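Structure first, commentary second.
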Amino acid sequence: MLLTLTTTHRPATDLGYLLVKHPGKVHSFDVPTGTAHVLYPEAEEDRCTAALLLDVDPQRLRAQRDAFELSQYVNDRPYAASSLLASALAKVFRSALRGASRDRPELAATSIPLEIHVPVLRGTPELVSRLFTPLGWRVTATPIPFEAEIGGDSRYVDVHLSGELRVADALNHLYVLLPVLDDGKHYWVAPDEIEKLLRSGEGWLAAHPEKVLIARRYLAHRRSLATTALELLEADQPVTEEEAELPVTRRAPLAEQRREAVLAALTEVGASRVLDLGCGGGALLTALVKDRSLTEIVGADVSTRSLEQAARRLRLDRLPERQKDRIRLIQTALTYRDDRLRGFDAAVLMEVIEHIDLPRLPALEAAVFGHARPTAVIVTTPNVEYNVHYEGLTGMRHSDHRFEWTRAEFAAWAESVAAAHGYTVTIRGVGEADETTGAPTQLALFTFSEMSA
């Protein structure tokens with residue numbers, strides 16, 4: 001099976017640095033089901049193409065646990081892109097998937113023109129478009145016809161994708177979505193697949209309109225695993241039984257409960273001018289915009305890519321002028337003082353502090369509580385004690401978390417910050433609380449006290 005990745009970025013041969021594979025060589029790798037080859041059919045200054053060719057050994061494929069329930073001798077596994085190709089991609093492009101490039105680190109962090117071609121992929125044009133278009137790809141998916149004497153189209157498509165993205169993002173999209181389209185995996189799906197999905201889906205899966213379908217198919221329709229994965233994602237909408245084909249639950253997903261708790265706290269303090277600090281892709285901003293009592297909303301993030309995603313989600317280019325005037329997106333680092341953040345009624349740090357290295361946390365405290373000094377600050381963060389309830393979760397809830405605190409640790413931090421900067425603080429749980437471990441999320445509401453300042 002074959003996959004090609006092309007760029008017209010100049011010099012295009014820098015693609016070799018990003019993939020950590022020299023364009024002048026053929027690179028071969030042994031994989032459990034055969035041999036993977038990386039080669040460059042073209043490598044010029046204005047256009048460079050890297051090809052991943054997976055040569056499947058039928059005898060070795062037989063030795064794998066067959067999750068496809070197909071014949072051992074007559075099947076499409078050597079030809080149609082599937083989890084076999086995704087696994088090979090993960091092995092041969094390991095550094096590129098992480099966005100790591102020793103020789104071209106700036107380019108690895110930059111969106112460049114990319115074209116991807118997958119000649120044979122199981123799926124429909126409509127499904128391919130549903131999965132890739134929200135990620136910024138332009139999609140052309142052409143059904144592959146049967147022989148003329150049979151007539152009609154097969155269940156396979158020839159897929160071309162084009163867009164301007166980071167190479168790491170493109171590869172992670174493929175790693176997740178190839179097996180999703182194929183709707184099958186060549187190995188047993190264990191709980192550790194949740195971590196793989198969340199790691200590869202970081203920055204895009206939580207906002208994807210088909211996240212439920214993706215989680216269900218990627219995790220081989222194992223309901224308990226899909227439920228856990230969706231709980232851990234920053235979902236935008238409640239997960240319904242019809243969408244997810246998961247058991248009906250009376251409670252809303254944790255992400256929705258968290259947003260509702262933040263909105264309730266903003267109402268409690270009577271805020272009308274609000275900062276969403278570390279707004280990411282705009283999940284909370286979407287809810288804030290719907291609240292007509294808020295007259296000014298500012299989303300702030302260090303990532304331009306996240307701000308672009310937030311702008312798309314909010315549809316800023318389509319909003320009426322009166323609505324558009326209520327909301328601004330600004331790029332800033334929360335560990336540095338920024339005068340644009342001063343004078344607001346409230347600031348929200350929703351699931352943000354745990355992404356900050358602990359030695360940098362005092363800088364955030366000084367910038368937000370000391371310099372910006374909003375009248376109220378709302379902070380939410382995971383309660384690490386609750387993690388035992390997530391099936392298959394090992395370590396922290398997200399691969400980018402630098403720490404996760406117990407209830408006692410969070411309370412000690414909140415009280416220390418409040419005392420240092422003239423605030424009072426109350427702490428509450430968010431989500432269904434367990435008698436022993438407490439609620440899954442903990443929320444601190446800081447209110448500025450003139451008397452203690």
Side-chain angles (χ1 to χ4, degrees), residues 191 194-195 197-199 201-216 218-219 222-241 243-266 276 278-288 290 313 348-355 378-401 403-407 409-410 427-445:
I194 295 174
E195 184 178 351
L197 175 62
L198 298 182
R199 182 174 62 246
E202 181 179 349
W204 61 270
L205 182 54
H208 200 294
E210 299 293 343
K211 58 184 171 289
V212 175
L213 174 69
I214 293 169
R216 177 161 50 88
Y218 184 88
L219 296 167
R222 294 192 62 187
R223 292 184 173 187
S224 62
L225 299 187
T227 301
T228 298
L230 290 166
E231 276 287 321
L232 294 172
L233 278 174
E234 288 294 329
D236 286 329
Q237 299 293 333
V239 179
T240 67
E241 183 185 28
E243 289 174 318
E245 297 180 10
L246 298 173
V248 175
T249 175
R250 291 183 180 274
R251 58 188 177 90
L254 178 59
E256 184 184 355
Q257 295 181 64
R258 187 185 302 123
R259 285 194 297 275
E260 291 299 321
V262 168
L263 293 172
L266 290 172
D276 182 5
C279 65
L284 177 61
L285 289 172
T286 304
L288 294 175
K290 295 176 183 177
R313 181 181 297 172
V348 180
L349 290 155
M350 189 175 78
E351 307 299 285
V352 170
I353 62 170
E354 63 273 10
H355 294 271
I378 301 163
V379 178
T380 75
T381 194
N383 167 21
V384 70
E385 298 168 74
Y386 193 87
N387 287 1
V388 296
H389 299 290
Y390 291 117
E391 179 187 350
L393 178 64
T394 57
M396 291 184 277
R397 298 189 197 179
H398 194 286
S399 60
D400 189 51
H401 284 184
F403 63 88
E404 289 178 357
W405 277 332
T406 64
R407 288 168 289 172
E409 289 170 329
F410 181 58
I427 297 174
R428 58 196 69 166
V430 178
E432 185 175 344
D434 176 82
E435 186 175 327
T436 303
T437 61
T441 293
Q442 39 197 347
L443 180 150
L445 173 58

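One-based numbering along the sequence shown. Since the model is a prediction, treat every value here as computed from it, not as a measurement.
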Closest heavy-atom pair and its distance - Ala439, Gly429 | CB-CA, 3.9 Å

side-chain hydrogen bond (donor to acceptor under 3.5 Å, both in side chains) filter on Thr406, not counting sequence neighbours, yields Glu409

For Trp204, enumerate each residue passing the ring-ring contact (aromatic ring centres under 6.0 Å, His included) test, keeping only those at least two apart in sequence or located in another chain.
-> His173

Salt bridge (charged side-chain N to carboxylate O under 4.0 Å, His left out) with Asp400: which residues, sequence neighbours excluded?
-> Arg402

Spatial distance of atom CD1 (Ile194) from atom OG (Ser224) [nearest 0.5 Å] | 7.5 Å

Partner set under side-chain contact (heavy atoms from CB on, under 4.5 Å) for Val430, not counting sequence neighbours = Gln257, Arg258, Ala261, Thr441, Leu443

In short, Leu197 meets Ala229 closest at the heavy-atom pair CD2-CB, 4.2 Å

Give, for atom CD of Gln442 and atom CD of Glu404, the distance between the pair rounded to the nearest 0.5 Å.
-> 10.0 Å

Write down the atom of Ala265, the atom of Ile378, and the distance for their closest heavy-atom approach.
-> CB-CD1, 3.5 Å

Which value, rounded to the nearest 0.5 Å, describes the distance between Ile214 atom CD1 and His208 atom NE2?
-> 4.0 Å

Side chains of Arg216 and Leu213 in contact at under 4.5 Å (non-hydrogen atoms) | yes

Among Val379, Leu285, Leu284, Leu263, which one satisfies side chain to side chain contact (heavy atoms under 4.5 Å, CB included) with Val348?
-> Leu284

Of all the heavy-atom pairs spanning Phe410 and Ile353, show the shortest one and how long it is.
-> CE1-CD1, 4.3 Å

Salt bridge (charged side-chain N to carboxylate O under 4.0 Å, His left out) partners for Glu354, two or more places apart = none

Kindly write out the residues that satisfy ring-ring contact (aromatic ring centres under 6.0 Å, His included) with His355, not counting sequence neighbours, or none if the list is empty.
-> His398, His401

By salt bridge (charged side-chain N to carboxylate O under 4.0 Å, His left out), which residues pair with Arg407, not counting sequence neighbours?
-> Glu385

Name the orientation class of the two ring planes belonging to His389 and Tyr386 (parallel below 30°, tilted from 30 to 60°, perpendicular beyond 60°).
-> tilted

Where the side chain of Thr380 meets the backbone of Glu351, is there a donor-acceptor pair that is under 3.5 Å apart?
-> yes

Residues in side-chain hydrogen bond (donor to acceptor under 3.5 Å, both in side chains) contact with Glu260, at least two apart in sequence or another chain | none

Using atom types as modelled and distance alone, determine if a side-chain donor or acceptor of Asn383 lies under 3.5 Å from a backbone N or O of Pro440.
-> no

Contacts of type salt bridge (charged side-chain N to carboxylate O under 4.0 Å, His left out), residue Glu210, not counting sequence neighbours = Arg130

How long is the gap from CG on Leu288 to CG on Leu266, to the nearest 0.5 Å?
-> 6.5 Å

The reported gap from OG1 in Thr227 to OH in Tyr390 (rounded to nearest 0.5 angstrom) is 12.0 Å

Measuring from Leu232:CG to Leu205:CG, what's the distance to the nearest 0.5 Å?
-> 11.5 Å

Report yes if some heavy atom in the side chain of Asn387 is under 4.5 Å from a heavy atom in the side chain of Arg397; otherwise report no.
-> yes

